[in-house]
Visitor: 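Have a look at this one before I ask anything.
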There are 2 protein chains.
Amino acid sequence: MATTAREDPPPASDRSGTRERILDVALDLFTEQGYDKTSLREIAQQLGISKAALYYHFAGKEDILMALHVRLHNLGRGAFDSLAESPRDPSAWSAFLEDMVGHMLADRKLFALHERNRAALEAIHRKDHDAEHTDFEERFRALLRDPEVPLDARVRISSCLGAILGGMVLGGDNFSDVESDALRRAMLEVVHDILAPLMAASASPALGAG
Amino acid sequence: MATTAREDPPPASDRSGTRERILDVALDLFTEQGYDKTSLREIAQQLGISKAALYYHFAGKEDILMALHVRLHNLGRGAFDSLAESPRDPSAWSAFLEDMVGHMLADRKLFALHERNRAALEAIHRKDHDAEHTDFEERFRALLRDPEVPLDARVRISSCLGAILGGMVLGGDNFSDVESDALRRAMLEVVHDILAPLMAASASPALGAG
DNA sequence: GTCTATATAGGGATAGAC
DNA sequence: GTCTATCCCTATATAGAC
């Protein structure tokens, strides 16, 4: 029952894995207490290292949050690339969203972090100008706001995302008692039901025709 | 195009309406910048009053957030009371959730505040022991976790809430360009589609039977 | 009901030794 | 790669005048 799947191998400057351990602790604390109410002192303390040591691994507090955000990016990147090839094809969206369900259930804590700290995450997005990262975000949001896509489709896709991201997290972990596989099946059914009208409509006319 | 519907009349100690003006400004800033990144100085400045003046109207920063949270409570109280009478009746949930759609669209900023500052809100919930307020929260969460309700129903209801609360807010206001009435219709359709299987099932067996 | 001034704490961040 | 010690700043909150 590992907390998270790892994404990039330690970047040659960190053989001891301290960087990842920092991120794991930060994920716990940021998720439980909130990003702003968690101090670097607290993170360091829980790791048994000093505050200053954190600054060797990260440029600052925001950098830690950013690194966790990148974890989420990496989870979704594969599915997103497929989606980006045909962003107006409802079945592409369906595949993407079903993928998200899987990731969400496998990495609930990481998703909960994002759900509970949107304000903080948006703040670092405003500052961050890393080309790749910004580009990814912009492209995704462009898909959600595409004026060529009819309102109904936009609402259904957004609702789907809201259901996946938010539904599980409302007021703490409401489904911590539930077996993961049963939960997955139930979620997929809901996703399917939300998108069904889109799939039906797309039999002949494209998503863009509305 | 007023920002918010008012709920309780000025409580006799505030004829000038400053308290409400403070809340309006705080709502703006908390929503845009995040609760933690907004200082009392900032709020006071924007109102043209001093920081200390805020303390006349509110016990502290958390108290301001709490007051905004109460605004949300008051919006939903009526619908919740109806729901509480028959919490296992799918059509009661349907009515409740449709009501929420209306409130959400009429008071988007207030909902966005909650969506973007969950960590901060949960923190004050842990401290607050006001009888009425705590009771309300607990009862609502009890409904969402009721073990007598089959998993499918719980997931659908949670997804519905997630769709309503989260879907509109993902990455800023994605639907700011859309006419409110068309948006309402589209949202209601989605809500209906998510809950449809529950309504069908409840024709004969109760929601509790699974 | 609003002000000025101040107390106090805690946070992020840096310097430099080991 | 990790430590100790320290700087500096901003924030909440209070005291007491008007």
Side-chain angles (χ1 to χ4, degrees), chain A residues 8-30 32-69 117 119-121 123-128, chain B residues 9-30 32-69 117 119-121 123-124 126-128:
Chain A
D8 24 37
S13 55
D14 179 20
R15 273 190 246 295
S16 61
T18 304
R19 197 188 141 94
E20 295 300 311
R21 286 176 54 232
I22 293 172
L23 288 177
D24 288 336
V25 169
L27 174 57
D28 280 350
L29 293 176
F30 288 171
E32 283 157 28
Q33 311 178 337
Y35 171 77
D36 293 282
K37 290 192 178 51
T38 302
S39 68
L40 296 180
R41 184 186 53 72
E42 229 173 335
I43 297 174
Q45 209 163 40
Q46 186 147 333
L47 281 160
I49 65 178
S50 85
K51 218 179 9 165
L54 294 176
Y55 281 91
Y56 175 82
H57 296 278
F58 297 94
K61 193 186 181 186
E62 293 190 337
D63 199 40
I64 298 180
L65 182 59
M66 190 46 133
L68 289 170
H69 180 56
N117 294 283
L121 281 157
I124 68 171
H125 274 154
R126 273 177 221 127
K127 292 190 193 180
D128 179 71
Chain B
S13 54
D14 179 20
R15 273 189 248 292
S16 60
T18 305
R19 196 187 142 97
E20 295 300 311
R21 286 177 57 233
I22 293 172
L23 288 178
D24 288 336
V25 169
L27 174 57
D28 280 349
L29 294 175
F30 288 170
E32 282 157 29
Q33 312 179 334
Y35 170 77
D36 293 281
K37 289 189 179 51
T38 303
S39 68
L40 295 182
R41 184 187 52 72
E42 230 173 334
I43 296 174
Q45 209 162 40
Q46 187 147 335
L47 280 161
I49 65 178
S50 86
K51 217 175 16 162
L54 295 176
Y55 282 91
Y56 174 82
H57 296 278
F58 296 95
K61 194 186 180 187
E62 294 191 336
D63 199 40
I64 297 180
L65 182 58
M66 190 48 133
L68 289 170
H69 180 57
N117 294 283
L121 282 156
I124 67 171
R126 274 177 219 124
K127 292 189 191 176
D128 178 71

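Since we're looking at a predicted model, the values are computed, not measured.
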Visitor: Got B:K61 and B:Y35 here, is their nearest side-chain heavy-atom distance under 4.5 Å?
Guide: yes
Visitor: How many Å lie between CZ on A:R21 and C1' on D:dT2, as a whole number?
Guide: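 My rounded result for the distance is 12 Å.
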Visitor: Specify the separation, in whole Å, of atom CG of A:L40 and atom P of D:dT4.
Guide: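 Roughly 16 Å, once rounded to whole Å.
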Visitor: Within this structure, what is the CG-to-C1' distance between B:D36 and D:dA11, rounded to whole angstrom?
Guide: 12 Å
Visitor: Got a second to check how far A:D24's CG is from A:L29's CG, nearest 0.5 Å?
Guide: 11.0 Å
Visitor: Atom OH in A:Y55, atom CG in A:L40: separation rounded to 0.5 Å?
Guide: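 Answer rounded to 0.5 Å: 4.5 Å.
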Visitor: Starting at atom CG of A:L54, determine the distance to atom P of C:dG11, rounded to an integer number of angstrom.
Guide: 13 Å
Visitor: Separation of A:L65 atom CG from C:dG12 atom P, in whole Å?
Guide: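 Going from A:L65 (CG) to C:dG12 (P), I get 12 Å.
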Visitor: Do any of residues 45-53 of chain A sit with a heavy atom less than 4.0 Å from DNA chain C, and if so which?
Guide: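 Within this stretch, A:K51, A:A52 sit under 4.0 Å of the strand.
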Visitor: For the pair B:K37 (side chain) and A:D36 (backbone), establish whether a donor and an acceptor sit closer than 3.5 Å, ignoring hydrogens and angles.
Guide: no
Visitor: Kindly say if A:T18 contacts the phosphate of D:dT2, meaning a side-chain N or O under 4.0 Å from OP1 or OP2.
Guide: yes
Visitor: Is the shortest side-chain N/O distance from A:R41 to OP1 or OP2 of C:dG10 below 4.0 Å?
Guide: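 A:R41 to C:dG10 OP1/OP2: no side-chain N or O under 4.0 Å.
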Visitor: For A:E62, check salt bridge (charged side-chain N to carboxylate O under 4.0 Å, His left out) against everything at least two apart and list the hits.
Guide: A:K127
Visitor: Side-chain donor-acceptor pairs under 3.5 Å in residues 42-49 of chain A, sequence neighbours left out?
Guide:
from, atom 1, to, atom 2, distance (Å)
A:E42, OE1, A:S39, N, 3.3
A:E42, OE2, A:Q33, NE2, 3.0
A:Q45, OE1, A:R41, NH1, 3.3

Visitor: Mind calculating the distance between NE2 (B:H57) and P (D:dT12) to the nearest angstrom?
Guide: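 The distance from NE2 of B:H57 to P of D:dT12 comes to 17 Å, rounded to the nearest Å.
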Visitor: Could you tell me the separation between the OH atom of B:Y56 and the C1' atom of D:dG16, rounded to a whole number of Å?
Guide: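 So the OH-C1' distance, B:Y56 to D:dG16, works out to 16 Å.
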Visitor: Measure from the side chain of A:Y55, starting at C-beta and using heavy atoms only, and say which of D:dA11, C:dG12, C:dG11 lies closest.
Guide: C:dG12
Visitor: How many whole angstroms separate atom NZ of B:K37 from atom P of D:dT10?
Guide: 15 Å
Visitor: Does any part of the side chain of A:L27, heavy atoms only, come nearer than 4.5 Å to the side chain of A:L23, both counted from C-beta?
Guide: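 A side-chain contact under 4.5 Å is absent here.
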Visitor: By nearest nucleotide on DNA chain C, pick out whichever of A:E42 and A:A59 is the more 5' one.
Guide: A:E42
Visitor: Any side-chain N or O of B:S39 below 4.0 angstrom from OP1/OP2 of D:dT10?
Guide: no
